[in-house]
There are 2 protein chains.
Amino acid sequence: MIGETTPTRRQERHAATRQQILDVTWELAEEVGIASISLREIARRVGMRQPSLYSYFASKHDLYDAMFKQGNDELFEMTQAIEPSGDARDDLLRFSRMFAEFNADSAPRSQLLFLRTIPGYEPSAEAYESAVKFYDLSRDRLRALGLTKQRQMDVWVAMLGGVIQAQAANDPGGDRWVRTIPEVVDMFLGHYLSESDANAKKGRTK
Amino acid sequence: MIGETTPTRRQERHAATRQQILDVTWELAEEVGIASISLREIARRVGMRQPSLYSYFASKHDLYDAMFKQGNDELFEMTQAIEPSGDARDDLLRFSRMFAEFNADSAPRSQLLFLRTIPGYEPSAEAYESAVKFYDLSRDRLRALGLTKQRQMDVWVAMLGGVIQAQAANDPGGDRWVRTIPEVVDMFLGHYLSESDANAKKGRTK
DNA sequence: GTCTATATCCAGATAGAC
DNA sequence: GTCTATCTGGATATAGAC
């Protein structure tokens with residue numbers, strides 16, 4: 001990468017403190033909600049005064065941006081870690097469960113990444129790049145399962161998102177909706193893969 | 001009803017002003033987001049000073065409660081206005097479109113009723129009763145369409161909610177997801193009504 | 001019911017010494 | 001980098017006169 005060199009000890013310390021601040025912020029967000037975190041309380045928890053945070057983040061907006069980026073990067077890596085097996089049902093199921101688990105793991109993170117209801121915050125263009133990376137990878141993975149049309153992907157995005165939202169809203173911490181995922185996968189694939197098959201049959205003998 | 005009598009002129013004026021405050025608050029919420037409304041700005045827009053609002057609402061929480069109740073009451077009436085035709089696909093389609101339209105009509109209202117991400121606000125028990133009324137009516141309507149099992153209803157709640165959320169998040173003001181509703185209805189009914197039919201066939205000749 | 005005045009509390013951000 | 005001190009601005013809510 002351009003400009004990347006061995007970090008000095010000072011830079012390492014800086015990065016470590018920055019990470020500590022992020023960790024504490026996620027903890028606080030779990031307690032009070034992602035929209036209600038305050039720089040004062042974050043500073044208190046890391047043992048600093050509130051203005052000192054500005055040596056690590058230029059603003060609260062910048063802190064949200066770092067969290068947004070971190071969340072999307074984690075999601076990207078978890079998606080990459082799923083090796084496609086070739087079986088569409090199995091792959092879609094594993095991807096869906098991973099994504100549902102990721103969202104259930106942290107309500108504030110889910111809200112930050114996908115709901116975007118935090119007063120005054122919108123991701124910067126730079127932070128948004130991390131989100132795009134995940135979207136692109138997911139799109140490729142879904143394509144490989146035979147979901148080649150935009151409309152098929154749109155519907156699947158809605159289905160899975162719906163299960164996740166219903167889970168978070170109506171049974172947080174439980175599994176009443178998450179456990180319907182296999183059934184929803186079957187319903188979806190039953191409808192759309194037969195559609196693809198029908199088209200394939202028309203064109204050529206597979 | 002108990003204790004209900006003809007309202008005096010004073011009571012009528014009070015109710016009218018209260019409604020005007022609510023109207024202005026919805027307008028403001030459209031502009032700044034439901035979480036960012038302020039009593040000062042609401043008062044300014046109705047031509048009052050901020051403390052005067054307390055003659056109409058006991059607190060900001062109380063104002064949110066009135067909005068929550070109003071939204072759910074509207075939704076209840078719109079649901080009631082849909083006359084069941086007997087055709088499951090048609091009825092589910094009309095219900096779904098109405099519900100999608102209701103949510104698309106007002107993002108703040110949708111967030112207040114279904115997302116519950118407003119810092120510091122949770123509906124009071126009294127306001128929540130309006131939500132329960134709508135849920136009960138919807139459940140009865142879905143039952144009449146042959147969706148008798150809890151799991152079927154859970155899945156449908158997720159599917160429709162997913163379409164609505166994807167629409168709001170990814171294409172606000174458009175129809176990229178809303179227009180998939182007929183297809184999603186067919187996918188859902190294809191999967192679950194055949195399941196019911198199969199059970200019905202086992203039990204008796206229909 | 002409406003007003004002025006104010007209590008009380010909180011937030012994010014900046015200046016400048018060390 | 002971290003601190004103290006402060007700026008600036010916002011919020012909800014209440015007291016009490018009229």
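Labels below follow one simple rule: chain letters A, B, ... track the order of the sequence lines, proteins then strands, and each chain is numbered from 1.
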Inset, instruction - Please determine if B:R94 forms a cation-pi arrangement with B:F99, meaning its NZ or CZ atom is less than 6.0 Å from the six-membered ring centre and no more than 45° off the ring axis. - result: no
Legend entry - Strand contacts (DNA chain C) in residues 29-46 of chain A, 4.0 angstrom heavy-atom criterion: A:I37, A:S38, A:L39, A:R40
Legend entry - Note, B:Q167 side chain near B:P172 side chain (heavy atom, < 4.5 Å): no
Inset, instruction - Tell me whether the centres of the aromatic rings in A:F76 and A:Y135 are closer together than 6.0 Å. - result: no
Inset, instruction - Take B:T17 and B:P51, find for each the nucleotide of DNA chain C with the closest heavy atom, and name the residue whose nucleotide sits nearer the 5' end. - result: B:T17
Inset, instruction - Check step by step if salt bridge (Lys or Arg N to Asp or Glu O under 4.0 Å) holds for B:K69 and B:D65. - result: CA-CA 6 Å; B:K69 181 166 155 38; B:D65 253 9; over 6 Å; no
Legend entry - Spacing of A:N103 atom CG and A:L113 atom CG [to the nearest 0.5 Å]: 8.0 Å
Inset, instruction - Kindly indicate, with the supporting measurements, whether the criterion side-chain contact (heavy atoms from CB on, under 4.5 Å) is fulfilled by B:Q152 and A:E183. - result: CA-CA 10 Å; B:Q152 293 173 328; A:E183 180 166 336; over 6 Å; no
Inset, instruction - Anything under 4.0 Å to a heavy atom of chain B counts; send over the first and last such nucleotide of DNA chain C, read 5' to 3'. - result: C:dG1 to C:dA5
Legend entry - Residues within residues 52-67 of chain A bordering DNA chain D, heavy-atom distance below 4.0 Å: A:S52, A:S55, A:Y56
Inset, instruction - Evaluate the ring planes of B:F95 and B:F134, with Trp represented by its six-membered ring, and classify them as parallel (under 30°), tilted (30 to 60°) or perpendicular (over 60°). - result: parallel
Inset, instruction - Begin with the C-alpha distance, continue with both residues' side-chain angles, and end with the deciding distance and a verdict on side chain to side chain donor-acceptor pair (under 3.5 Å) for B:Y56 and B:Q19. - result: CA-CA 10 Å; B:Y56 300 94; B:Q19 188 54 54; over 6 Å; no
Legend entry - Donor-acceptor pair between B:S130 and B:N72 side chains, under 3.5 angstrom: no
Legend entry - Geometric cation-pi criterion B:R109 and B:F102, 6.0 Å radius, 45° cone: yes
